[in-house]
Q: 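First the structure, then my questions, so here it is.
Residue numbers begin at 1 in each chain, while the letters A, B, ... track the order of the sequences.
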Amino acid sequence: MTFGPGCHLHLIDGSAFIFRAYHALPPLTRKSDGLPIGAVSGFCNMLQRYVEGNTGSDVTHLAVIFDKGSHTFRNDMYDLYKANRDAMPEDLRPQIPLTRKATEAFNIACKEQAGYEADDIIATLARMAREAGGRCTIISSDKDLMQLVGGGVEMFDAMKNNLIDSEGVEAKFGVGPERVVDVQALAGDSVDNVPGAPGIGVKTAALLINEYGDLETLLDRASEIKQPKRRETLINHREQIELSKRLVTLDDQTPLDYGLDDLEVRDPDPEQLLAFLAEMEFRTLTRRIADTLGAEAPTIEDTPVISADAPEAEAVPFDAAAYEWVKTSEALQLWIDRIYARGYVAVDTETTGLNEMIADLVGVSLCVDAGKACYIPLTHKGGDADDLFGDDTLAEGQMDFATCLSMLKPMLEDPSIVKIGQNMKYDAKIFANEGIAVHPIDDTMLMSYAMNAGLHNHGMDALSDRYLSHTPIPIKPLLGTGKSARTFDRVPVEEAVPYAAEDADITLRLWQYFKPRLHRSQVTKVYETLECPLVPVLAQMERTGVQVDRDTLSRMSNAFAQKMAGLEDEIHKLAGRSFNVGSPKQLGEILFDEMGIEGGKKGKTGAYATGAEVLEDLATEHDLPARVLDWRQLSKLKSTYTDALQDHINPHTGRVHTSYSIAGANTGRLASTDPNLQNIPIRSEEGRRIREAFVAPEGKVLVALDYSQIELRILAHMADIAELKQAFKDGLDIHALTASEMFNVPLDEMTPDVRRQAKAINFGVIYGISGFGLARNLRIPRAEAQGFIDRYFERFPGIKDYMTETKAFAKEHLYVETLFGRKINTPEIAAKGPRAGFAQRAAINAPIQGTAADVIRRAMIRMPDAIADLPAKMLLQVHDELLFEVDADAADALTAVAKEVMENAANPAVHLDVPLIVDAGRGANWAEAH
DNA sequence: GAGTTCACG
DNA sequence: GACGTACGTGAACTCA
């Protein structure tokens, strides 16, 4: 039927339905896997009620209109548009795509358009209906849609069962529909963050508009207004008011690739609808709709709840032969279509190496259904693999590189498609090299980390073995080892396809397994606020890198080599023969067997211990161990830092690019690898000079900001120690205060030595103090150390309580938690013997170290937006420190902004009873910045 | 590849 | 009563 006079179009505001449904219902979850489905259930019920209520009515055309993504042309106009909207609740997000599926299951047209709000599409369709001479009813009560009423267009509030026509609009706004935008422009809207005119509400706005006719006239004649305040407001805020009008005016010219005729009412297909409802496990609704349609209700199994830690066999077996080799753009397009139909895709990249800054993209794998995956080879080399000179011609059956990426790019960047990866930071960086910003993402490694930190590592092989009972195809045989090793682009495509596609398949299956379990483990918030958002931030920092001066390092290496050679001669003379100074075994034999020094202790492997502590004790009596200590320090500095760092300078960027592992440390800390830039020397004067090689480019400076005593502050808060909290509020020297309290020394009579001992105790407390450990650290008798600890607990009984309670919590739950809800599993807490001690101390430390890690993560996640307008880059994180590079003249501004972000990073999720204080430094290099 | 040592917070 | 012990990391080196 062609849409025209006599036709009646109904447009349902999908988002309104979803939010109503979400808030009206308790947080229901699907029984079989815990997927949240409360909003979907409510949505389906509302659709069903709507359909029942309109059977036999004059509706001829029907569509449900949804918002797509959150960025629209209005954000380009005004970046604060809808900026004060709360983030979508975490248990609602996964339900959004399901509401689309629900609409389709009801066989109702389901429409959305990137860059436009649902309201714009509604405006456009309503205009088209009006122009065609038909009627249109908008099922919504959103006041923003009231401007559309009139000329055959009406609104219907499905909840209140109440029709809104021109008179209804006038009752609400005091003006007719055609002047609604003028009133809204003046009154503004706090919900959408439309500024409007300050101090003018709907009442006043309507009064003014009715007096002057329309907004433009009003603004032109604003000077005639008698009330001085109103007059000033309108004159001073003219621009803002005009912007507001543009924001509230709906765009009824949205480009649509369909017409009204495509929205004709269709009967639902009982089979399709009931299948969907059964899949959602809506028992009542399935039965009710089956009755209405006169069909048989499918049975919904009462699936038993699967225990989270029991590996379950997946229904679909792994079949390498089923994986597809994508050779053409037609084949790829089919995959992209499939991805859009689903709303998510597992992605994996194959490259020529593990270093994302150097590695080249070789191919991409995709998977949307367990067992159905593909590999798109792009730069595999053909020819004879044994040919020493290589053959750089491309292998057969590969798509053009640029064509493939230009097809993938819109999908990878589409806000409505979730890209699932295992360690997505790696793949995101590879794609970033090709100018593709992958977003949004899910990461199975991070899901596992959020749930299982402390239980096992989170590499794909381990996860697949454990949760899918499947051992992935090993990469080793493909790449070879040693001399015969080759990069992935030299692997024949026939061999690459099963390996590469399987990785995407496994990733998708892991995602299907983990996703519902996140909710059950109560770590969705941690995953969504502390893990995922960190991925792009770290990717950016890693890609930026830090400038390191090769000459400085090289000069230091030479100096160290000379000194070491001198020391080595001396050591050999003292020993009476030459030996490998770098061999602890040989050194032990020299010291304790040949030289006959007493007190050599052998460890469990039968070797003498020659660690720094042992040598330091011997150094008071002998020269040789003292020289060895000096030699070892230089050797460490040279091999680990001045030599190795030079090899890490990227030839293209001239900078050093570390890689942060997000899921490495159980406590939530990051770990830096290849190279580790979190252990650059600072404690010794000689080592500290290595930091002089970390420099700012010409015209810029490095700014270092570090949290002062963050772990002690967190302990004071968590254990609720009034004296410590007050001391931090008063900005006192916390170690001196501890010493004063413990040893009854007034603060103004404090000696450095007493303070040093108190400092050691404070640190010990964070680590799960023991008499033995403190004794060793302070080099005092064990009994004396125990006496200190006893006195400390007497003075701060809250600390002892905290430790006891934390241990008890760990024993009961087998995990401990940070203030932000991060879980750290402590399975060893139940162990007997010495391992119990380890586990207990780790359990005491983890919430403190982990909370500090969460705090700086939050700061880092907020930082890119906070410094977006400054000529500054965040370069490195060292647990409680962030290092920035900034134009010299913007260093003050950067310091102020970054400090603010860091000091307030806990808010608003957690209110700390102690202030967080950040110290700042700057300079031409990292040594000066401290 | 395990064990030892040592750099950092 | 004896046992071993500060918490969390990564990298380089030796030696089997």
Q: For A:Q586 and C:dA16, what is the distance between atoms CD and C1' respectively, to the nearest whole Å?
A: 14 Å
Q: Between C:dT9, C:dT5, B:dG9, which one does the side chain of A:N666 approach most closely?
A: C:dT9
Q: Under 4.0 Å, counting only non-hydrogen atoms across every strand here, what does A:R776 touch: a base, just sugar-phosphate, or nothing?
A: sugar-phosphate
Q: With no angle test and no hydrogens, is the base of C:dG4 tied to the side chain of A:R835 by a donor-acceptor pair under 3.5 Å?
A: no
Q: So which nucleotide from B:dG9, C:dA11, C:dT14 ends up closest to the side chain of A:N580?
A: C:dT14
Q: Expressed as a whole number of angstroms, how long is the span from A:K585:NZ to B:dT5:C1'?
A: 17 Å
Q: Which is true for A:G764 with a 4.0 Å heavy-atom rule: it touches a base, it touches only sugar-phosphate, or it touches nothing?
A: base
Q: Can you confirm whether more than 12 heavy atoms, excluding those of A:R689, are under 6.0 Å from its CZ atom?
A: no
Q: Side chain of A:R782: nearest nucleotide among C:dT5, C:dA12, C:dT9?
A: C:dT5
Q: Would one find a side-chain N or O of A:S583 under 4.0 angstrom from OP1 or OP2 of C:dC15?
A: yes
Q: Counting the atoms with a prime plus P, OP1 and OP2 as sugar-phosphate, which does A:G582 contact under 4.0 Å by heavy atoms, base, sugar-phosphate, or nothing?
A: sugar-phosphate
Q: Mind calculating the distance between CG (A:L677) and P (C:dG10) to the nearest angstrom?
A: 13 Å
Q: For the side chain of A:T605, starting at C-beta, report the closest nucleotide among B:dA7, B:dG3, C:dT5.
A: B:dG3
Q: Using a heavy-atom cut-off of under 4.0 Å over every strand shown, decide if A:I680 touches base, sugar-phosphate, or nothing.
A: sugar-phosphate
Q: Separation of A:D643 atom CG from B:dA7 atom C1', in whole Å?
A: 15 Å
Q: Which one of A:T658, A:L882, A:I680 satisfies the side-chain contact (heavy atoms from CB on, under 4.5 Å) criterion with A:L876?
A: A:T658
Q: In whole Å, I'd like the distance from the CG atom of A:L670 to the P atom of C:dT9.
A: 12 Å
Q: Within the supplied structure, the quantity of interest is the number of heavy atoms (other residues, nucleotides, ligands) at a distance under 6.0 Å from A:R835 CZ; does it exceed 12?
A: no
Q: Taking only the P atom of each, what is the distance from B:dT5 to C:dA6 in whole angstrom?
A: 13 Å
Q: For the salt bridge (charged side-chain N to carboxylate O under 4.0 Å, His left out) test, which of A:E686, A:E570, A:E568 pairs with A:K563?
A: A:E686
Q: By nearest atom, which of the nucleotides C:dG10, C:dG8, C:dC13 is closest to the A:H879 side chain?
A: C:dG8
Q: Just to be sure I understand the rule, does A:D880 reach a base, reach only the sugar-phosphate, or reach nothing, if contact means heavy atoms closer than 4.0 Å?
A: sugar-phosphate
Q: Give a yes or no on this: more than 12 heavy atoms of other residues, nucleotides or ligands lie within 6.0 Å of atom CD of A:E594.
A: yes
Q: If I pick the P atom on B:dT4 and the same atom on C:dT5, what distance separates them, to the nearest angstrom?
A: 11 Å
Q: Taking the cut-offs as 6.0 angstrom to the six-membered ring centre and 45 degrees off its axis, would you call A:R791 and A:F793 a cation-pi pair?
A: no
Q: Assign A:A644 to base, sugar-phosphate, or nothing according to its heavy-atom contacts below 4.0 angstrom with the strands shown.
A: sugar-phosphate
Q: Just call it for A:A853: base, sugar-phosphate, or nothing, with non-hydrogen atoms closer than 4.0 Å on any strand.
A: nothing
Q: Taking the six-membered ring for Trp, are A:F788 and A:Y792 ring centroids under 6.0 Å apart?
A: no
Q: Tell me, what's DNA chain C's dot-bracket, Watson-Crick or G-U with both distances under 3.5 Å, | for other-strand, [ ] crossing?
A: ......|||||||||.
Q: When all nucleic acid strands are considered with a 4.0 Å heavy-atom cut-off, which category describes A:D674: base, sugar-phosphate, or nothing?
A: sugar-phosphate
Q: With heavy atoms under 4.0 Å as the rule, sort A:N676 into base, sugar-phosphate or nothing.
A: sugar-phosphate
Q: Using a heavy-atom cut-off of under 4.0 Å over every strand shown, decide if A:P834 touches base, sugar-phosphate, or nothing.
A: nothing
Q: Sticking with atom P, work out how far B:dG3 lies from C:dG4, rounded to a whole angstrom.
A: 16 Å
Q: Check every atom of C:dA6, C:dT9, B:dT5 against the side chain of A:A671 and return the nucleotide holding the closest atom.
A: C:dT9
Q: Should A:R683 be listed as having a side-chain N or O under 4.0 Å from OP1 or OP2 of B:dG9?
A: yes
Q: Which residue is it: A:E817, A:M451, A:R822, A:E531? I am looking for the one with a side-chain contact (heavy atoms from CB on, under 4.5 Å) to A:V523.
A: A:M451
Q: What do the steps show when you test A:R713 against A:E903 for salt bridge (Lys or Arg N to Asp or Glu O under 4.0 Å), and what is the final call?
A: CA-CA 12 Å; A:R713 286 170 197 266; A:E903 291 184 341; over 6 Å; no
Q: Assign A:T610 to base, sugar-phosphate, or nothing according to its heavy-atom contacts below 4.0 angstrom with the strands shown.
A: sugar-phosphate
Q: So which nucleotide from C:dA6, B:dA7, C:dG10 ends up closest to the side chain of A:S661?
A: C:dG10
Q: Answer with base, sugar-phosphate or nothing: what part of the nucleic acid does A:F838 contact at a heavy-atom distance below 4.0 Å?
A: sugar-phosphate
Q: Would A:D443 and A:K425 satisfy salt bridge (Lys or Arg N to Asp or Glu O under 4.0 Å), going step by step from the backbone distance to the final call?
A: CA-CA 9 Å; A:D443 192 324; A:K425 178 157 67 67; over 6 Å; no
Q: Out of C:dA11, C:dC7, C:dA12, which has the shortest distance to the side chain of A:R841?
A: C:dC7
Q: Distance check: side-chain N/O of A:T667 vs OP1/OP2 of C:dT9, anything under 4.0 Å?
A: no
Q: Could you state the atom-to-atom distance from CD1 of A:I856 to P of B:dG9 in whole Å?
A: 12 Å
Q: Please lay out, stage by stage, how A:E692 and A:R555 fare under the test salt bridge (Lys or Arg N to Asp or Glu O under 4.0 Å).
A: CA-CA 12 Å; A:E692 292 172 10; A:R555 274 199 301 276; over 6 Å; no
Q: Taking the six-membered ring of A:F560, is NZ or CZ of A:K638 closer than 6.0 Å to its centre and within 45° of its axis?
A: no
Q: Tell me the interatomic distance from A:Y660, atom OH, to C:dG8, atom C1', rounded to whole angstroms.
A: 16 Å
Q: Can you identify which nucleotide, out of B:dC8, C:dA6, C:dC7, has its nearest atom closest to the A:L774 side chain?
A: C:dA6
Q: Hey, can you tell me if A:Y608 and A:F592 have their rings parallel, tilted or perpendicular (30° and 60° cut-offs)?
A: tilted
Q: Ignoring hydrogens and angles, answer whether the base of B:dC6 and the side-chain atoms of A:K636 contain a donor-acceptor pair closer than 3.5 Å.
A: yes
Q: At under 4.0 Å between heavy atoms, what does A:T673 touch on the DNA or RNA strands: base, sugar-phosphate, or nothing?
A: sugar-phosphate
Q: Provide, to the nearest angstrom, the distance between the OH atom belonging to A:Y707 and the C1' atom belonging to B:dC8.
A: 19 Å
Q: Of the nucleotides B:dA7, B:dT5, B:dG9, which has the atom closest to the A:P584 side chain?
A: B:dT5
Q: If you look at every strand shown and take non-hydrogen atoms under 4.0 Å, does A:Q633 touch a base, only sugar-phosphate, or nothing?
A: sugar-phosphate
Q: Counting only heavy atoms and a strict 4.0 angstrom limit, can you tell me which residues of residues 785-804 of chain A come near DNA chain B?
A: none
